[in-house]
There are 2 protein chains.
Amino acid sequence: MTENVTVKTLARELNVSIATVSKALNDSHEISIETKQKVLALAKKLKYERNPSASNLRSQKTKTIAVIVPEIANSFFSLAINGIEEIARKRDYHVLIYQTHENSEIETAFTESLVCGRVDGILISISSSTNSSSHFKSLVKKIPVVFFDRALDDIDAIKVTTDDYQSAYQATLHLIENGCKNIAYLSALSKLDTGKKRIQGYFDALKNKGLSFNKGLMVTHDPDRDKTYNRIKNLLIIQKPDAIISSVEEMVIPAYNACKALDLRIPDDVKILSFSNLSTAALLNPSLTTITQPAFEIGQEAAGFLFKLLDKKYITTEEIPVMKSVLIKRDSTSGHT
Amino acid sequence: MTENVTVKTLARELNVSIATVSKALNDSHEISIETKQKVLALAKKLKYERNPSASNLRSQKTKTIAVIVPEIANSFFSLAINGIEEIARKRDYHVLIYQTHENSEIETAFTESLVCGRVDGILISISSSTNSSSHFKSLVKKIPVVFFDRALDDIDAIKVTTDDYQSAYQATLHLIENGCKNIAYLSALSKLDTGKKRIQGYFDALKNKGLSFNKGLMVTHDPDRDKTYNRIKNLLIIQKPDAIISSVEEMVIPAYNACKALDLRIPDDVKILSFSNLSTAALLNPSLTTITQPAFEIGQEAAGFLFKLLDKKYITTEEIPVMKSVLIKRDSTSGHT
DNA sequence: GCAATTCACTTAAACGTATTCGTAAATAAA
DNA sequence: TTTATTTACGAATACGTTTAAGTGAATTGC
């Protein structure tokens, strides 16, 4: 192992001080153009690489942001991360990714391991099992944080979300217009803003169209996949709904499977639609009607705001957009031919 | 902003030296149990958090590994990352994720920004556009690296891969047994080991079963999605294959779409199978026969080996397993009923 | 009983960079 | 010419941690 090349090496070689080298590398105005060129040239020649730890320690900046999401293996989040990453790359920032697997203790542990200067800022979409906001309240005081998609209403912070109420309302309306009268709802994220608004949109659409709702029509998500599947199956057997709205992508696959198992035809016996960013939605059997969120753009927006915070720019509430989801109608909710 | 609590704060408060505090926090045997307890107690009380930059700088360890993949929004890679992340979390390591988007220049830039001590080790699955191994050769000399799934044959490093040859061979055989005689191949990764072996398996199966091959049956992947789609469409029109093997997940969706556009029935007119980890494969129309790689386990294995390297343990070639993919037969390749 | 060892702790020096402050020379202003 | 300002650089320090080396006291060995 040859000796590491540091600013000291460059300084020695060029007969200047390490301060000069450091300033030259940071393109300081205090250094003449000729000296800068000399330094840069030698740095390139000796393949000098700035030591990030030392730099971070001194400057108290890490050029790194953290992204905390429930799960990467989820089309919405992987697309959102793509959006975040695009913005981060433009600013030469590194991206640290953490998955909570919907576990709020892991979530807390992650955030706590981050506040002490490992990252400059955090982008987070909170876990479905999180029900207390106190931890996040103290977090946002310590470090720039932007929430995306999943947030809690009593936290005063920047949140980039979608029009969950509107899109759930619209989706329910779509089913009603196609003749459904007994619409079930697969519920998740009910502790979060996101989930609450989606349910409310569903409720209000039912009410405004004079449809009744009974508790049995609501099935909640369980971390245990089999449980979720069985709940959906029971729903289909007992309530015999003519439509199902899935509030999350993870519940629509078991819904399809349950229909298959019970020999129920989609959309003839039961129509199904789901909040989803599945790339294969159009190719499913039958093709799935989705409420698709602009995942990539949400990532971009959220990252954009985080960088504004890092730049100490003031952000007004009005400039934070509510992103628009789109209802893509496909065969799984089509009316009778 | 209140003053940051550092080892110095703790030392002052307890009337001991900062060395004692540091050692106590690191559970050094040089420190008495009582002192350790006192330090830990105060650290907890004052919410002391070790500064990672300072720690990294001094100890030359970052407790961070990098994962470089072509794309997160790909079932295989997101699952592999899950496997990696599981192992990393057990060791309290952080995971930095980089996407190359199949661009080898971005790939090079990333690796170069990492060698100077930002991470302790790298897990990488190389981009399809990478054709020179020279850069990686120098990389593995500087920092522990483990390749997974996608590797180049002339690099001497640890590689966790699957039985690409075997599974492509078996898949081709499956189609031949179901009566196919004119089997097309959607090729990707042809510069990498992975791709080469898959093609070879396909070739050998054809040859061993006395089937001919013509160049027209091979369609190569293009970064431009429309181009890929059109190439597949042309293939179907001109060559009229009775089966298609897709060597990557990204090409099977356009294949399905092309069939739809041309009114070709799957599997009656053309059978399709693909290397894929799509969670919705069973729900597609028709359900898709896949060669599914043990993505999660590959991630685990690769991360395991990286940590062995970090622990300076010697790794013998024999202990590196070749992971087994599995051919899951579904409707898209079923024979006539 | 005295040397050798162990114990528990301290001193001091790193790790590599960024930055404040100082300064000598060069230039501009008066 | 004298003074003020700018330019281009250097000395020194700080960031917060880890660790090699050293130290005095207590314990052990023979």
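Quick note on labels: first sequence line is chain A, next is B, and so on, each numbered from 1. All values below come from the heavy atoms of this structure, side chains included, with hydrogens, waters and symmetry mates left out. Only a predicted model underlies this, so the values are computations on that prediction, with no experimental measurement involved.
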Subject >> Phosphate OP1/OP2 of D:dT13 contacted by A:R58 side-chain N/O (<4.0 Å) >> reply: no
Subject >> Nearest-nucleotide comparison on DNA chain C, the residue closer to the 5′ end among B:Q60 and B:S17 >> reply: B:S17
**OP:** Please determine, for the side chain of A:S55, which listed nucleotide (C:dA8, D:dG16, C:dT17) has the closest atom?
**Re:** C:dT17
Original post:
Heavy atoms under 4.0 Å, any strand shown: does A:I31 hit a base, just sugar-phosphate, or nothing?
Top reply: sugar-phosphate
Subject >> Touch class at under 4.0 angstrom, heavy-atom based, for A:S22 against every strand present >> reply: base
Original post:
Of all the choices, D:dA11, C:dT10, D:dT17, which nucleotide is nearest to the side chain of B:A19 once you look at every atom?
Top reply: C:dT10
Original post:
Looking across every strand, which nucleic acid part, if any, lies under 4.0 Å from B:S32 by heavy atom: base, sugar-phosphate, or nothing?
Top reply: sugar-phosphate
Original post:
Rounded to the nearest Å, what distance is computed from the CZ atom of residue A:R50 to the C1' atom of nucleotide D:dC15?
Top reply: 16 Å
Original post:
Rounded to whole angstroms, how far apart are CG on B:L57 and C1' on C:dA14?
Top reply: 9 Å
Subject >> B:R91 and B:D311 ion-paired at < 4.0 Å >> reply: yes
Original post:
Could you state the CG-C1' distance from B:N51 to D:dT18, rounded to the nearest angstrom?
Top reply: 13 Å
**OP:** State whether B:E49 and A:K142 are salt-bridged, where the test is any N-O pair (Lys NZ or Arg NE/NH1/NH2 against Asp/Glu carboxylate O) under 4.0 Å.
**Re:** no
Original post:
Starting at CD of B:E30 and ending at P of D:dT19, how long is that distance when rounded to a whole Å?
Top reply: 10 Å
Subject >> Closest-nucleotide 5' rank along DNA chain D - winner of B:N26 and A:N15 >> reply: A:N15
Subject >> For atom CZ of B:R12 and atom P of C:dT10, their distance in whole Å >> reply: 15 Å
Original post:
What's the NZ-P distance between B:K23 and C:dT10, to the nearest Å?
Top reply: 9 Å
**OP:** Look at the rings of B:F110 and B:Y98 and say which category their plane angle falls in: under 30° parallel, 30 to 60° tilted, over 60° perpendicular.
**Re:** tilted
Subject >> Length of the line joining A:L25:CG and C:dT19:P, which is rounded to integer Å >> reply: 13 Å
**OP:** Give a yes or no on whether a salt bridge exists between B:K313 and B:E319, defined as a side-chain N under 4.0 angstrom from a carboxylate O.
**Re:** no
Original post:
How would you label the contact of B:T35 with the nucleic acid (heavy atoms, under 4.0 Å): base, sugar-phosphate, or nothing?
Top reply: sugar-phosphate
Original post:
Can you check whether B:T6 has a side-chain N or O nearer than 4.0 Å to OP1 or OP2 of D:dG16?
Top reply: no
Original post:
Please walk me through it: do A:R150 and A:E102 pass salt bridge (Lys or Arg N to Asp or Glu O under 4.0 Å)?
Top reply: CA-CA 12 Å; A:R150 298 193 190 179; A:E102 309 282 11; 2.9 Å; yes
Original post:
The side chain of B:V7 lies closest to which of these nucleotides: C:dG16, D:dT17, D:dA11?
Top reply: D:dT17
Original post:
Between D:dA8 atom P and A:I33 atom CD1, what is the distance in whole Å?
Top reply: 8 Å
